[in-house]
Student: 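Just passing along the structure, written as structure tokens.
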There are 2 protein chains.
Amino acid sequence: MVTMTRTVVLAAPSEQSSDVTRVAVSTVIFTLRRDPAQENPVIALPLVRRTRDPYEGLWALPGGWLDQDESLDDAAARTLAETTGIAPSYLEQLYAFGAVDRSPTRVISIVYWALVRPDEIPSHEAVPAYDAENVTWVDAAHLPPLAFDHTEIVDYALWRLRNKAGYSRIAHGLLPDEFTLAELREVYESILGRRLDPANFRRQVDNSETLIPTDRFRTGSHRPARLYRYNQDVELADRGPLIARP
Amino acid sequence: MVTMTRTVVLAAPSEQSSDVTRVAVSTVIFTLRRDPAQENPVIALPLVRRTRDPYEGLWALPGGWLDQDESLDDAAARTLAETTGIAPSYLEQLYAFGAVDRSPTRVISIVYWALVRPDEIPSHEAVPAYDAENVTWVDAAHLPPLAFDHTEIVDYALWRLRNKAGYSRIAHGLLPDEFTLAELREVYESILGRRLDPANFRRQVDNSETLIPTDRFRTGSHRPARLYRYNQDVELADRGPLIARP
DNA sequence: ACAAAAGTGTTGTTTGTACACCCATGC
DNA sequence: GCATGGGTGTACAAACAACACTTTTGT
């Protein structure tokens, strides 16, 4: 094989690490943010500032190198916790990115995507490594320039989120424990980018058996709205045979 | 495939290969096979016999090591061509597998899945490296014991195939250029594992605008059936923003 | 009382499903 | 002619979408 010759040359001991294919793990973390200027909540995600080359100073997805003795899933959870302190309510592999020129050195990035409920976002003080200077939360619809191919990655993650919202109960992963139907509907409206009929929406989730009504109500505005909680027996999404199920 | 193993060892004399995380690419290739014993065609896939440890002698998915200067997609296409001579009609990334213990040495496998039309399978003579001893096609429903975690991988690929058959025109990737509606229906029946009403099936694909009727007919049995061809303007499946579209 | 959101009812359309039936060919 | 799969029509049910209407609160 042609490749053999080339590999041997490149892999010679005298070369630097740039001759090695390294595996990184990154995560696109979605949450919702109430924007006073907007009617509906807005999809937001955290970015970390790069403190070294390449792309020093630019924003990038949180992530890190895969350790020798940890699985991809573990690496995603670990790097997430280290960089943002987040333990997400939903975490799923998104895609493996491996274009040759996506980084100056050869890096394969296994990218995950996650949903976090607003109440799962730790306060800055609770995260030892938190560095307010170098972490920011941005509106997914108005991304700053990102390092590497991370803009493309976020776009793909958004596509998956919208897609999955159409056929699964994934939006619950963005809401706190108890919520009103209007709040749930607003989540879907934010993700799908269109208005939904409140009456029909109510019936749909009603029939889906995914919600458990509580006897508590959200008061304050007009007629109090019943609070619901998510039925834990129903999976947020069918993830196929990879995930062990009861 | 084997070459790289050796190279890595040579390239890092002070370390064993088990200290390096290597990236492999494998592909689950689906095609259809007419089984005289069965009413409908059967989903089949090619396996290659392992000729060295680990799992020497067992069947495994075709694949190989990722080259330093090729993208993941290119590696999938290349290893596919090298081991089986196949250029598939549909090729998509499936999942990245990275459990620590899935191989004695640390290997991350980026797995693809592919569909090939029966007429795209090259004859053995046309593939220089073809080794009849060490390549076999098996019924996806009756897998022999496989090396590594490949059984799990095939199960996941089958789940994805069935899933995708439900909401896309993916089944066309398994048929030759011209086909009857009954043949197309049989493909869906094989994938989904249940019978479909011929009348309703006809109307569904009719309305979907994905088929172009020809003026040719398949004769031989009873009333001749019109041959259709696939409308190239319609994508087999929506693959999101990762794939450039017109 | 009134505005506004919560929640219910009604109606028409679209989609899916079951199945009866005619059509064209090989035997 | 008759069996068989190709192809059409129809009737019912479920899901979806539009929107009028009632209920319950804050002000």
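Below, read A as the first sequence line, B as the second, and so on, with proteins coming before strands; counting in each chain starts at 1.
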Student: A:A199 near the nucleic acid: base, sugar-phosphate alone, or nothing, with a heavy-atom cut-off under 4.0 Å?
Tutor: base

Student: Can the positive tip of B:R239 be found less than 6.0 Å from the middle of the six-membered ring of B:Y90, inside 45° of the ring normal?
Tutor: yes

Student: Roughly, in whole Å, what's the span from CG in B:N207 to P in C:dT13?
Tutor: 18 Å

Student: Atom CG of A:D197 and atom C1' of D:dA18: how far apart are they, to the nearest Å?
Tutor: 7 Å

Student: What is the distance, rounded to the nearest whole Å, between atom CZ of A:F179 and atom P of C:dA6?
Tutor: 14 Å

Student: Give a yes or no on whether the ring-centroid distance for B:F179 and B:Y228 is below 6.0 angstrom.
Tutor: no

Student: With respect to the side chain of A:P224, which nucleotide from D:dT25, D:dG6, C:dC19 is positioned closest?
Tutor: D:dT25

Student: Going by distance alone, is a donor N or O of one side chain under 3.5 Å from an acceptor N or O of the other, for B:Y230 and B:D177?
Tutor: no

Student: Can you tell me which nucleotide in D:dT10, D:dC16, C:dT10 comes closest to the side chain of B:R203?
Tutor: D:dT10

Student: Pick the closest DNA chain D nucleotide for A:H222 and for B:R185 by heavy atoms, then say which residue is nearer the 5' end.
Tutor: B:R185

Student: Below 3.5 Å, does any donor atom in the side chain of B:R218 face an acceptor in the base of D:dG5, or the other way round?
Tutor: no

Student: Is any side-chain nitrogen or oxygen of B:R202 closer than 4.0 Å to OP1 or OP2 of D:dG7?
Tutor: yes

Student: Taking A:E189 for its side chain and A:L196 for its backbone only, find out whether a donor-acceptor pair lies under 3.5 Å.
Tutor: yes

Student: Which of these passes salt bridge (Lys or Arg N to Asp or Glu O under 4.0 Å) with B:E178: B:R229, B:R218, B:R226?
Tutor: B:R229

Student: Distance check needed: D:dT23 P versus A:L181 CG, whole Å only.
Tutor: 20 Å

Student: With nearest nucleotides of DNA chain C determined for B:N200 and B:G220 from heavy-atom distances, which residue corresponds to the more 5′ nucleotide?
Tutor: B:N200

Student: For the pair made of CZ in B:R226 and P in D:dG6, what is the distance, rounded to whole Å?
Tutor: 14 Å

Student: Given atom CD of A:E186 and atom P of C:dA5, what is their separation to the nearest angstrom?
Tutor: 10 Å

Student: State which of C:dG7, C:dA5, D:dG7 makes the closest approach to the side chain of B:A225.
Tutor: D:dG7

Student: Starting from P on D:dG5, measure out to CZ on B:R195 and report it in whole angstrom.
Tutor: 11 Å

Student: Whole angstroms only, please: what is the CG-P distance between A:L196 and D:dA18?
Tutor: 11 Å

Student: Answer with yes or no whether A:R223 presents, from its side chain, a donor or acceptor under 3.5 Å of a partner atom in the base of C:dA5.
Tutor: no

